[in-house]
Chemist: 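Just passing along the structure, written as structure tokens.
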Amino acid sequence: MSELLLKYFRDQQKKIQSERVYDTQCPYCSMQCKMQLIEQTVVSRKQYKTVGKDNPTSQGRLCIKGLNAHQHALHRSRLKQPLKKVDGDFVPITWPEALELIAKNVNEIQAIEGKDALSVYGSASITNEEAYLLGKFARVGLGTKYIDYNGRLCMGAAATGANQTFGMDRGFTNTIEEIPHTRCIILAGTNIAECQPTIMPYFERAKENGAYIIAIDPRETKTTKIADLHLKNKPGTDVAIANSLLKVIIDHGLTDEQFLTSRTNGFEQVKQHLLAIDLNQTSEQTGVPVDQLIQAATIFGKEESGMIFTARGIEQQLDGTAAVRSFLNILLATGKIGVPNSGYGAVTGQGNGQGAREHGQKADQLPGYRSIENTEHRAYIANVWGIPENELPRKGVSAYEMFEKIDQGDITGMFIMCSNPVVSNPNANFVKKALEKLKFLVVADMFLSDTAKLADLVLPATSYLEDEGTMTNVEGRVMLREATFPVQGEAKHDWQIICEIAKAIGRGKYFSYQSAEEIFEELRIASKGGIADYHGITYDRLRHEQGVLWPCPTPEHPSTKRLFEYSFAHPDGKAKMVFFANESSPPKPRPDSDYPLILTTGRVMSHYLTGEQTRKSHSLAAQNVEAFMEIHPDTATRYNLKEQALVKIESAYGEIIVRSKWSTTIRKDTVFVPFHWTDSQNVNKLVSNQLDPFCRMPGFKVSAVKVSPVN
Ligand SMILES: Nc1nc2c(c(=O)[nH]1)N[C@H]1C(S)=C(S)[C@@H](COP(=O)(O)OP(=O)(O)OC[C@H]3O[C@@H](n4cnc5c(=O)[nH]c(N)nc54)[C@H](O)[C@@H]3O)O[C@H]1N2
Ligand SMILES: Nc1nc2c(c(=O)[nH]1)N[C@H]1C(S)=C(S)[C@@H](COP(=O)(O)OP(=O)(O)OC[C@H]3O[C@@H](n4cnc5c(=O)[nH]c(N)nc54)[C@H](O)[C@@H]3O)O[C@H]1N2
Ligand code: SF4
Ligand SMILES: [Mo]
């Protein structure tokens, strides 16, 4: 370093009057990168920067979102007081006033309409402690069966697929450190390069080690660029792709007969159906040449190890469960699971997308991945919670279906924590109207989101900088997010908000926690003996061991690095294979003369989900200031759409206006719009109300639309 530069740094250092360092984890994706916020006071002004911190999963890396996360958390529009709507405007009120308002409305609605008239909508961006508590709050606090959460729109199909095939659902069956050593990787509908960027070095190392990478995606993305082979399929044809791959594997004698006999059920039935498949027809249907299907299948079948990763591209479909299970059939038929360097990864989405789907926020679930319809499970949890078993409600309905229940008049009150459903749910115009019908809507958020704007009462919540708790990352590794940044204004942690509401409605004795750790101690007991068993995990262990992979039944248990080495989680120990027809029901929206193009939706690197947070960060917002529609130039020309011009997109459900972005890398029959923007740019106004019959996942990835220029 030159003398001049050294002097510059010394002078800069001298200006810093004080420095504080706060540990935390990134508030965004499932990598849960460990980070530190550095606060320096310079000439009496505070300045902030975020730096990465070493840990076994992200190894100190951060992506652009993590590096700038503090910009939204420290944004001036953070909510600092409860807000009550009076004549259409929000006025600040005190916490006691807010809690009194809740008690009054809860009592009134319950007295007139019964307990199931109230509902809870949760999130996979809150901690395990909060997710657990929200499930308990719905059942024990409010006594309602209606609770579900945003993870339904996210991990629903992957979870149901893995539960049905394996008997349990932990996103990655292996630790991330095995990825560089596998020989062949299928990336089905996942854009890890933009959505979990800090995972990329594991895949890059696999490639350096000679792994063959196959990507399946209707678009070329930063992820497909690392692939040796890109199957650029028509959106929504992934069941057909998976079936054809397995057919080729069988035809070429590449199945693992011993594994199939000793470890699985159902293969013969699958095989019989696959024999009837004509590859030329599949090629026609999917838009993928036959030779590419054969190449992908034979390489995967022949290599000694292999991994399949799926994400929302194949899962957010009306046959998402079928797609997941069809890809799992390939792993099972080739014996590439339960052994080193082979396995499955459902690439989890939200920060706590794994943990929040295990401990009771789902409509049919109790903590530890227990079932609310199972008598033994009910008895166990009722005992932990100190209530009679018959007071535990039964199962409710999925996220989107709760809005239908509002529309039908069955639900009249809702508490939404950490989600923005008017932007993220399908058929968004309908969802907004439903929320407007509610007698009482309470939203806990950090900002006045589009959903919060519809509320009668908005409660200010703390952020990832302030709120301590555990998050379970993409690997299934439970991590302790230390957080000590001072709370802003009168904001409260989500768990505190739940406890205070419970107290206000007379259920305080079940919710008298003083810390997140105290809730975790109860969660340990509630999950004990369940599939997602956290009993052996303590805050102390998490601090010393840098996270623990579940199941971890006892304090002595080392953590579970690889699943299914000896048996699957079904009672007979075997995995269940099943065949789904290429065209699974219900039918997907199909392009026709009225709506000739396929619309698919997803993400860009710099924004996160409904954009409520990332749009507040100037560094991130500057990367993409508005929504766009990716379209092939030939298609654009056919519909008179200029580059960078405004386009109207219409479906049978609604219309939006966004800017066109020409790209030769997308299929000519397909357009793509990200979902990070609201109002007239909210792409979910176009998505249908249909749901996957098994997991109730909406079909975010296939809509039929027409496009026209806005003059
Ligand atoms: N930058 C960023 N990162 C994120 C998020 C974010 O909003 N922004 N969100 C987080 C969350 S919650 C989630 S769930 C994950 C999502 O992570 P991903 O699932 O990887 O993200 P998506 O962009 O929704 O979809 C992935 C890919 O599927 C492709 N695709 C679309 N339709 C089809 C289809 O029919 N078949 C196939 N095979 N592929 C298709 C899209 O072109 C896209 O490239 O990302 C997490 N990380
Ligand atoms: N078209 C289309 N739609 C989709 C998808 C798609 O691919 N295409 N993907 C779906 C997927 S995978 C997902 S995960 C969903 C996500 O859908 P949402 O959950 O609706 O999305 P977010 O933007 O994460 O909303 C979180 C809200 O909580 C607030 N918040 C953040 N942190 C906290 C906190 O700690 N406490 C509280 N109380 N509030 C907080 C934020 O300000 C924000 O308003 O969207 C789904 N919708
Ligand atoms: S967005 Fe994901 S990859 Fe990026 S820093 Fe945050 S946790 Fe890590
Ligand atoms: Mo997600």
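What you are looking at is a predicted structure, and each value in this text was computed from that prediction instead of being measured. Just so you know, ligand 1 is whichever comes first in the structure, and atom 1 is the first atom listed for that ligand.
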Chemist: Please classify the S424 to ligand 2 contact at 4.0 Å (heavy-atom distances, strictly less than): side chain, backbone, both or neither.
Modeler: both

Chemist: Tell me whether R667 contacts the main-chain N or O of H632 through its side chain, where contact means a donor paired with an acceptor under 3.5 Å.
Modeler: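 Side chain of R667 to backbone of H632: no pair is present.
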
Chemist: Where do R312 and V347 come nearest, in terms of heavy atoms and distance?
Modeler: NH2-O, 2.6 Å

Chemist: Which is it for C418 and ligand 2 at heavy atoms under 4.0 Å: side chain, backbone, both or neither?
Modeler: both

Chemist: So between I314, D217, T286, whose heavy atom ends up nearest atom 27 (C) of ligand 1?
Modeler: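 Minimum heavy-atom distance to atom 27 (C) of ligand 1 goes to D217.
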
Chemist: Salt-bridged, E466 to R78, with N to O below 4.0 Å?
Modeler: yes

Chemist: Please work out whether any backbone atom (N, CA, C, O) or any side-chain heavy atom from C-beta onward of N684 is under 4.0 Å from ligand 2, and answer side chain, backbone, both or neither.
Modeler: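 Looking at N684 and ligand 2, just side chain atoms fall under 4.0 Å.
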
Chemist: Out of V423, D445, L609, whose heavy atom is nearest to atom 42 (O) of ligand 2?
Modeler: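 Shortest heavy-atom distance from atom 42 (O) of ligand 2: D445.
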
Chemist: Is the F309-Y344 ring centre distance short of 6.0 angstrom?
Modeler: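 Here the rings of Y344 and F309 have centres that are no less than 6.0 Å from each other.
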
Chemist: Ignoring hydrogens, just give me the one of I497, L459, T610 whose non-hydrogen atom is nearest atom 23 (O) of ligand 2.
Modeler: T610

Chemist: For atom 12 (S) of ligand 1, which candidate among M31, H676, Q613, Q350 provides the closest heavy atom?
Modeler: Q350

Chemist: Donor-acceptor check, side chain of D692 to backbone of G320, threshold 3.5 angstrom: yes or no?
Modeler: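 Such a contact is found between D692 side chain and G320 backbone.
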
Chemist: Measure T462 to ligand 2 on non-hydrogen atoms and call it side chain, backbone, both or neither using the 4.0 Å cut-off.
Modeler: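 The answer is the backbone.
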
Chemist: Could you tell me the residue and atom name of the protein heavy atom closest to atom 19 (O) of ligand 2, and the distance to it rounded to 0.1 Å?
Modeler: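 The closest one turns out to be N150 ND2, 2.6 Å.
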
Chemist: Is a side-chain N or O of N68 found less than 3.5 angstrom from the main chain of L620, in a donor-acceptor match?
Modeler: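 Not confirmed, N68 side chain does not pair with L620 backbone.
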
Chemist: If the cut-off is 4.0 Å to any non-hydrogen atom of Y608, which atoms of ligand 1 fall inside it?
Modeler: 5 (C), 6 (C), 7 (O), 8 (N), 9 (N), 10 (C)

Chemist: Tell me which part of T600 gets within contact of ligand 1: side chain, backbone, both or neither, using heavy atoms under 4.0 Å.
Modeler: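 Under 4.0 Å from ligand 1, T600 contributes side-chain atoms alone.
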
Chemist: Can you check which of M605, E315, M155, R603 brings a heavy atom nearest to atom 24 (O) of ligand 1?
Modeler: R603

